[in-house]
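These numbers were taken from a predicted model, which means no experiment stands behind them.
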Amino acid sequence: MCGRFAQIEPVDVIAERLQVEKVQVKNTAPRYNICPGEDIVALVQDPTYALVEHRWGLIPHWVKNVSDARPLINARSETVAQKPSFKKAFMQQRCILPASGFFEWKKDGNKKIPYYITMNDVFGFAGIYDTVNINGTILTTCAILTTQANEQMNAIHNRMPVIITLPDFMTWIDKKTTEDKLFRLMAPFQSNLIIYPVSPKVNSPTYNQPDCIKPY
């Protein structure tokens, strides 16, 4: 799964790199410990390329009362094209969630040790999003796709986010990309990851400081 991540790169740098035509992002500060329920930066094609903010935790478009919904932070890549909660979004509303790295916890006896996972390349997570009308308020929410862990990650957890590197960003969000191509992009990431333990301070959802991503 993927339940926490970091995005510390300035939004204007991301926008310039991706040559987006529109930026609609309020929170531009570095974020070292992003948690479900927060607004996160997303690259979308709607209809032009844009950086926007989505609430992390997908609520399907048919939901009428947000209190009845359980926001879905992850969607399994193996079944995303079939599940009613995700199928429409997967076919029509895909996004890239730019990231600097993500966190996962490894069981060690009765403890769980937090690890930070990053890489040297520019990357993001494959995401899907949906828009729901709650009592006249329009809310756009998203989920991060997950896949089986690669060999490196398997030592920590059996699942990992679907990682998309920069050359494939636009392919993932392009509405014309074929389903076969999408499933190839959702394969477990095979390049080298940088993995190291970090401070247990990251366990707290309210802790958002640079030492979240420093080796511990």
Contacts of T140 meeting side-chain hydrogen bond (donor to acceptor under 3.5 Å, both in side chains) (sequence neighbours excluded), chain-then-number -> T131
With sequence neighbours excluded, give me every side chain to side chain donor-acceptor pair (under 3.5 Å) pair touching residues 42-58.
D39-R55
Only counting residues at least two apart or in another chain, list the ones meeting side-chain hydrogen bond (donor to acceptor under 3.5 Å, both in side chains) with D211.
K201, Y207
Mind checking side-chain hydrogen bond (donor to acceptor under 3.5 Å, both in side chains) for R184 and listing every partner two or more places apart, or none if nothing turns up?
none
Linked hydrophobic residues, V52 as query - side chain contacts closer than 4.5 Å:
V44, Y129
What pairs meet the salt bridge (charged side-chain N to carboxylate O under 4.0 Å, His left out) rule with one or both residues in residues 157-183, with sequence neighbours excluded?
E78-R159
N154: side chain to side chain contact (heavy atoms under 4.5 Å, CB included) partners, not counting sequence neighbours
A149, N158
Could I get the full list of side-chain hydrogen bond (donor to acceptor under 3.5 Å, both in side chains) partners for S204, not counting sequence neighbours?
T206
Could you tell me whether the side chains of N208 and R31 share a donor-acceptor contact shorter than 3.5 Å?
no
Strictly by ring-ring contact (aromatic ring centres under 6.0 Å, His included), give each pair with a member in residues 65-100 just once, sequence neighbours left out.
F90-F183
Residue pairs involving residues 184-205 (criterion ring-ring contact (aromatic ring centres under 6.0 Å, His included); sequence neighbours excluded)
Y116-Y196
Listed pairs under 3.5 Å, donor-acceptor, residues 18-25 side chains, sequence neighbours left out:
none

For V13, the rest of its hydrophobic cluster, which grows through side-chain links under 4.5 angstrom:
none
Check against salt bridge (charged side-chain N to carboxylate O under 4.0 Å, His left out), R17 and E9:
CA-CA 11 Å; R17 177 190 296 124; E9 194 170 34; 2.5 Å; yes
